[in-house]
Number of protein chains: 2
Amino acid sequence: MTMEDGTSKSLGSCGDTDDDYDVLQWDTREDCEVRQILDRIADKWSLLVIALLDRRSLRFTELRRTIDGVSQRMLTRTLRQLERDGLVSRTVHPTVPPRVDYELTPLGSTLHATIRALVTWTEEHQNEIAAARAAYDVRAAAEQEAAEREEAERQAVARRALTLPA
Amino acid sequence: MTMEDGTSKSLGSCGDTDDDYDVLQWDTREDCEVRQILDRIADKWSLLVIALLDRRSLRFTELRRTIDGVSQRMLTRTLRQLERDGLVSRTVHPTVPPRVDYELTPLGSTLHATIRALVTWTEEHQNEIAAARAAYDVRAAAEQEAAEREEAERQAVARRALTLPA
DNA sequence: CGGAATCCGCCACGATACTG
DNA sequence: CAGTATCGTGGCGGATTCCG
């Protein structure tokens, strides 16, 4: 089993002292739930798996084929974590060859619904972000060029001071 | 400048072909906006910075002190990325010693609002998740122990077959 | 004070091979 | 088919040093 990830134990409810002013704590402490869930949905495959399973339950190989690019190792690990968090349920049919079905739990469904909001936000604002990035890159390039010109100028001055020092 | 991260260019609108059946594409392609934003808010510090700046604008050192654990390198990188994405604005006051203020842009504010939904979901369901994890770990431990007993049994049988083979 | 540049450890992830 | 086990590597993030 080896418990490869760092989650393991210490699920200490994150210490909500009073109101929601605990901005510092819910992200600083490693064992905080928010951090955990965030890492889960943000890792390379979890979100995609959740999105796919929201349509219908799927077998391991179906997921593997559909996702295209995932290694069997990562798919297994992803599914295990989702299962452990109660977001995905795993049903083994004792047939031969073996057959394993994965489906979203009710909890997983509500999470997917929540995530949709984030996806929607991204879709709605991707143009603004792209524009901001383009603008930033232009400014950065301009500043860089200015710095280089300034540097060249300084060197030119230094050279003149050397070539005619009389 | 060196452009250390992999984002750089290629902001190719992710290819929304028809409806929302592009589940495969918006997460598989590296240059997809959803992936980018997700990686941003999920990285170790961005979310915390956004949460802090949502209250009021802050100086570099204020952020550094408040966050407690962040290296100046990572704080700088985080702020640069957020600035590039148009989520945070950076204002340099040409005083001595220099003073730099960071504040959330309107775009950044809307993102923070969206993220709050996710945080809320987590707060509401952290008990279920904790319970699911505990249950999973118990099952896993039980299975492990069962496997070990089975193994011990096999070895015991093998030993008997050797000690009295007459 | 607010960075930039450099070096480095670590582990998440991928590729490969083996098992029930 | 559905995994586990093992090894190699790229890149993230931390520590340190230097600069304007």
Side-chain angles (χ1 to χ4, degrees), chain A residues 1-8 27-28 30 35 39-40 42-46 48-49 57-83 88 90-102 140 143-144 146-148 150-151 154, chain B residues 1-8 28 30 35 39-40 42-49 57-83 88 90-102 140 143-144 147 150-151 154:
Chain A
M1 200 189 173
T2 65
M3 198 63 87
E4 198 176 326
D5 64 329
T7 314
S8 61
D27 209 31
T28 298
E30 296 295 329
R35 182 79 272 152
D39 288 344
R40 191 100 320 139
D43 77 10
K44 214 173 177 185
W45 309 110
S46 291
L48 185 50
V49 167
S57 95
L58 290 170
R59 304 183 46 175
F60 184 87
T61 312
E62 289 181 306
L63 283 168
R64 178 149 173 53
R65 269 200 312 266
T66 311
I67 292 186
D68 172 74
V70 68
S71 62
Q72 72 291 39
R73 172 196 157 91
M74 288 318 295
L75 182 54
T76 302
R77 284 178 54 79
T78 300
L79 289 168
R80 283 295 177 284
Q81 300 206 326
L82 293 174
E83 186 195 2
V88 159
R90 174 171 176 268
T91 358
V92 183
H93 299 89
T95 64
V96 42
R99 174 197 179 94
V100 180
D101 281 321
Y102 292 94
E143 286 176 16
Q144 165 123 7
E148 280 170 3
E150 188 181 334
E151 172 64 13
R154 272 215 310 275
Chain B
M1 198 187 172
T2 65
M3 197 64 90
E4 196 178 326
D5 66 328
T7 315
S8 61
T28 299
E30 296 296 329
R35 183 79 270 153
D39 288 344
R40 191 100 321 140
D43 76 9
K44 214 172 176 185
W45 310 110
S46 292
L47 181 55
L48 185 50
V49 167
S57 95
L58 291 170
R59 302 183 49 174
F60 184 87
T61 312
E62 288 181 308
L63 283 167
R64 180 150 171 51
R65 270 202 311 266
T66 311
I67 293 185
D68 170 74
V70 68
S71 62
Q72 73 291 40
R73 170 191 156 90
M74 288 318 295
L75 182 54
T76 302
R77 282 178 54 81
T78 300
L79 289 167
R80 283 293 176 284
Q81 300 205 329
L82 293 174
E83 186 194 3
V88 159
R90 175 172 177 268
T91 354
V92 182
H93 300 89
T95 65
V96 41
R99 174 198 179 92
V100 181
D101 281 321
Y102 293 93
E143 287 175 16
Q144 165 122 5
E150 189 181 334
E151 171 65 12
R154 272 214 308 277

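Each chain gets a letter, A, B and so on, in the order its sequence line appears, and its residues count up from 1. Side chains are part of it too, since the values below use all heavy atoms of this structure and drop only hydrogens, waters and symmetry mates.
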With the side chain of A/Val100 defined as its heavy atoms from C-beta on, choose the nearest nucleotide among D/dG3, C/dG14, D/dG14.
D/dG3
B/Arg59, nearest nucleotide to its side chain (from D/dG14, C/dA4, C/dC1):
C/dC1
For the pair made of CZ in A/Arg35 and C1' in D/dG13, what is the distance, rounded to whole Å?
13 Å
Rounded to whole Å, CG of A/Asp101 lies from C1' of D/dG3 at a distance of 15 Å
Under 4.0 Å: is that the gap between some side-chain N or O of B/Trp45 and OP1 or OP2 of D/dG14?
yes
In terms of side-chain heavy atoms of A/Pro97, which of D/dC1, D/dG20, D/dG13 is nearest?
D/dC1
Could you tell me how far apart A/His93 (NE2) and D/dC1 (C1') are, to the nearest whole angstrom?
14 Å
What's the closest nucleotide to the A/Pro98 side chain, out of C/dG3, D/dC1, C/dT16?
D/dC1
Among B/Arg90, B/Glu62, B/Glu83, B/Arg59, exactly one meets side chain to side chain donor-acceptor pair (under 3.5 Å) together with B/Tyr102. Which residue is that?
B/Arg90
Give the nucleotide from the list C/dG3, C/dG14, D/dG3 with an atom nearest to the side chain of B/Gln72.
C/dG3
Separation between CG (A/Asp68) and CG (A/Leu63), nearest 0.5 Å, reads 13.0 Å
OP1 or OP2 of C/dA4 under 4.0 Å from side-chain N/O of B/Arg80
yes
Does any N or O in the side chain of A/Arg35 come within less than 3.5 Å of the main-chain N or O of B/Ala42, such that one atom is a donor and the other an acceptor?
yes
When rounded to whole Å, the CG to P distance for the pair B/Asp39 and D/dG11 reads 14 Å
Gap between atoms CG and P, on B/Leu75 and D/dA15 respectively (whole Å):
14 Å
Length of the OH-P vector between A/Tyr102 and D/dC1, whole Å
14 Å
Between D/dG13, D/dG3, C/dA4, spot the one nearest the side chain of B/Asp43, thanks.
D/dG13
Are side-chain N/O atoms of B/Arg64 and B/Gln72 paired as donor and acceptor at under 3.5 Å?
no
Have a look at B/Arg90 and say if it touches a base, only the backbone sugar-phosphate, or nothing, with a 4.0 Å heavy-atom cut-off.
sugar-phosphate
Candidates C/dA4, D/dG3, C/dC13 - which lies nearest the side chain of A/Lys44:
C/dC13
What is the distance, to the nearest angstrom, from the CZ atom on A/Arg73 to the P atom on D/dA5?
11 Å
B/Ser57 side chain to B/Asp101 main-chain N or O, any donor-acceptor pair under 3.5 Å?
no
Please give, in whole Å, the distance from C/dA12 P to A/Met74 CE?
9 Å
Would you classify A/Arg64 as touching base, sugar-phosphate or nothing, given that sugar-phosphate means primed atoms plus P, OP1 and OP2, and contacts are heavy atoms under 4.0 Å?
nothing
